[in-house]
J.: 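Dropping the structure in here first, questions after.
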Number of protein chains: 2
Amino acid sequence: MNDTLTPDPRPRDRARTEAALVAAARDLLAESGFQNFGINAVARRAGCDKQLIYRYFGGLDGLIDAIGGELADWIVDRLATDAAPPASYRQLAERLIFGFMAALRADMLVQKIMTWEIADPSPMVMRLAQARSKALTGWMLRQRGDLAPPDGCDAAVVNAALIAAVQMMVLSASASGAFAGMPLRADADWQRLAAALGTMLDAVYGPG
Amino acid sequence: MNDTLTPDPRPRDRARTEAALVAAARDLLAESGFQNFGINAVARRAGCDKQLIYRYFGGLDGLIDAIGGELADWIVDRLATDAAPPASYRQLAERLIFGFMAALRADMLVQKIMTWEIADPSPMVMRLAQARSKALTGWMLRQRGDLAPPDGCDAAVVNAALIAAVQMMVLSASASGAFAGMPLRADADWQRLAAALGTMLDAVYGPG
DNA sequence: CCCAAATATCACCAGTTGGTGACATTTTGT
DNA sequence: ACAAAATGTCACCAACTGGTGATATTTGGG
C-alpha cells in the first residue's frame, strides 16, 4: 500500500546514481556556472541525498575530478576531424584557432570551467586546465609534422596569444554579448572576428 | 571609566565612514576577488556595522557604483602619458596594447573586476565594463587624429583581439601563473609575449 | 536649553551552506 | 536462512549569509 511511511526511495543502483550525480553536476555547472555551485545544489538537482556524494566521490572535489576525466581530451576530440594533414604552417594554425573557436563557442560547460579557472583557481580546478593544455600541445606536436613557422617568429607564443584572444572573446560574449564595445551576438559579428584573425594569420604566417 | 557599557564607538563622521567603507570594499575586492565578497565581509573589514552600507549607499550595489565612479577613466588616466602624438597607426596601436598590458598587470583591482564581469555578469557590474570600454574607444578616437590603418584591415577588430589576448593572458597569469602551458611569471616571460605581440603588430600594420 | 535629526551599534530573523551521525531498507555472500 | 555489507534517507549541527527593526548616543538648529 505504500502507507506514506516510505515514499518510494530511488532504486538501489550505485552506478546509476553516480551517473546521475555527475550529470547533475555537469548540467548545473553549464547552466549556472560555479556561482551557487555546491554540494547541496548538486544533490538537490540529482534528486538524491548529498551524503551519497561523500560516500561515492569523497566529496565535491572527487565529483569534479570525475567530470574532468570526461573532458580531458575535449579539444582534441573535436579538433582532429580533418582528414588531410595541413599543407602549411599557416593552415595548421588556422585549423587550431578556428577549430578552437567553434568548439568553445558550442560548449557551455567548458566555457564555465575556463571562467572558473580564472575566477577561483583552486588546485582541483587547475588540474583540469593542465590536462586540457597538455592535450592541446600534444595535438599541435602531432599535427605539425615537419611544418615550420617563418624565421624570427615565436610561433608558440603567437598561437597562444591568438588562442587567448579567442577565449576571451567567447567568454565575454557568453557573459555580455560583447567585448570592449564590439558586439558578439550575430553570426556576422563572429565572421568579422574570424576575418580579422585571418588577416593576422596572413600577416604573420603568410597567405598559405 | 568606559564601564564596558559602550566599547567606544567610532567617531560620528559620515564622510569618514563612507570613505572607510569604499576603501574596505576596494581592498577586499582586490585581495580576494568577488568570491566571499558580501555585505557582511565589507562591513567587517571596515570595522563598522553593515547597516551603514544600507543607509549610506542603499546596499552593496550602491557601494560598487561608488567604486566604479572612481575607476571609470582608469585606462585613460594611465594611457595618455605620452607627450608626442603617435607618428603612425602602428605606433598608436602599440601604445594602446602595451599601455593596456602594463596598466592591467599593475592593477589587481581592475583585474578582479574584469574577472567579475566574465564570471558573474550582473547589471551592476556590467555598467563598470561599459564605462571602461567607452573611455577606451574615446581615447583611441582622440589619439588617432588622421592616422589610418592599412587598407583591407579591420583595425578595430584586430585591436580588440589584441586587447582580448592581453587581458586573457594577464588574468590567467594572476590566477595560475601561466596560460595554455606558457608560463607567465618572470619578466622574461612577459618580454617574450611582448615580442610576439610586436611581431604581430609589425605584420599587420607594418614596421613603423 | 531642548527636541529632532543624524549617526552608530546591537539583536534578531529566515534561509542557506558544508558536514556528520543515525537509521531503514535492500542486496549479497556464506 | 542469516548476518554483513551496501545503498538510500533523514535529522541535525555550527557557521554563515542578506536583511530589518529597535535602541543608544551624539550633533545641530530653533
J.: Can you name the nearest heavy-atom pair linking A:Leu104 to A:Gln111, along with the distance?
T.: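 That would be O-NE2, 2.8 Å.
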
J.: Kindly indicate whether the side chain of A:Phe57, heavy atoms from C-beta on, has any atom under 4.5 Å from the side chain of A:Val22.
T.: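 Side-chain contact under 4.5 Å: yes.
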
J.: Under the ring-ring contact (aromatic ring centres under 6.0 Å, His included) rule, what pairs show up with a residue in residues 108-140 of chain B, not counting sequence neighbours?
T.: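 Output for this query lists B:Phe34-B:Trp116, B:Phe37-B:Trp116.
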
J.: Return yes when atom CE of B:Met124 has more than 12 non-hydrogen atoms of other residues, nucleotides or ligands closer than 6.0 Å, and no otherwise.
T.: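 Count over threshold, so yes.
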
J.: Between residues 21-36 of chain B and DNA chain D, which residues have a heavy-atom gap below 4.0 Å?
T.: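 None - not one residue of the stretch has a heavy atom sitting under 4.0 Å from the strand.
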
J.: Is there a side-chain contact between B:Met168 and A:Ile118 in this structure, where contact means two heavy atoms from C-beta onward sitting under 4.5 Å apart?
T.: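 Yes. Closest side-chain heavy atoms under 4.5 Å.
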
J.: Quick one: what's the B/S/- string for nucleotides 1-7 of chain C, heavy-atom cutoff under 4.0 Å, read 5' to 3'?
T.: -----BB

J.: Of all the heavy-atom pairs spanning B:Ala161 and A:Met200, show the shortest one and how long it is.
T.: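 Looks like CB-SD, 4.4 Å.
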
J.: So if I take residues 117-124 of chain A and measure heavy-atom distances to DNA chain C, which residues fall below 4.0 Å?
T.: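 None - not one residue of the stretch has a heavy atom sitting under 4.0 Å from the strand.
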
J.: Using a 4.0 Å heavy-atom cut-off, does B:Arg44 contact any base of the nucleic acid, only the sugar-phosphate backbone, or nothing at all?
T.: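 Here B:Arg44 touches the backbone only, sparing every base.
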
J.: Is the closest side-chain heavy-atom distance between B:Leu28 and B:Val42 below 4.5 Å?
T.: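 The answer is yes; the side chains approach within 4.5 Å.
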
J.: Report all interatomic pairs (protein N or O, nucleotide N or O of nucleotides 18-20 of chain D) with separations under 3.5 Å.
T.:
from: D:dG18; atom 1: OP1; to: B:Ile39; atom 2: N; distance (Å): 3.3
from: D:dG18; atom 1: OP2; to: B:Ile39; atom 2: N; distance (Å): 3.2
from: D:dG18; atom 1: OP2; to: B:Asn40; atom 2: N; distance (Å): 3.0
from: D:dG18; atom 1: OP2; to: B:Asn40; atom 2: ND2; distance (Å): 2.6
from: D:dG18; atom 1: N7; to: B:Asn40; atom 2: ND2; distance (Å): 3.4
from: D:dG18; atom 1: N7; to: B:Lys50; atom 2: NZ; distance (Å): 3.3
from: D:dG19; atom 1: OP2; to: B:Tyr54; atom 2: OH; distance (Å): 2.8
from: D:dG19; atom 1: O5'; to: B:Tyr54; atom 2: OH; distance (Å): 3.3
from: D:dG19; atom 1: N7; to: B:Lys50; atom 2: NZ; distance (Å): 2.8
from: D:dG19; atom 1: O6; to: B:Lys50; atom 2: NZ; distance (Å): 2.6

J.: Within the 4.5 Å heavy-atom criterion, are B:Ser88 and B:Tyr205 side-chain neighbours or not?
T.: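 SC-SC contact between B:Ser88 and B:Tyr205 ruled out.
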
J.: Please report the closest heavy-atom contact between A:Ala135 and A:Asp73, naming both atoms and the distance.
T.: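 That closest heavy-atom pairing would be CB-OD1, 3.8 Å.
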
J.: Please determine whether the number of non-hydrogen atoms from other residues, nucleotides or ligands lying under 6.0 Å from atom CZ of B:Arg14 exceeds 12.
T.: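 Check passes, neighbour count above 12.
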
J.: To the nearest 10 degrees, how far apart in direction are the end axes of the helix from C:dC1-D:dG30 to C:dT30-D:dA1, each fit to five base pairs?
T.: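 Roughly 10° between the end axes, to the nearest 10°.
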
J.: Heavy-atom count around A:Arg78 CZ within 6.0 Å, excluding the residue itself: above 12?
T.: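 Yes - once you tally the heavy atoms of other residues, nucleotides and ligands closer than 6.0 Å, there are more than 12.
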
J.: Would you mind reporting whether B:Leu71 and B:Asp107 have side-chain heavy atoms less than 4.5 Å apart?
T.: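 Contact flag for B:Asp107/B:Leu71 side chains = no.
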
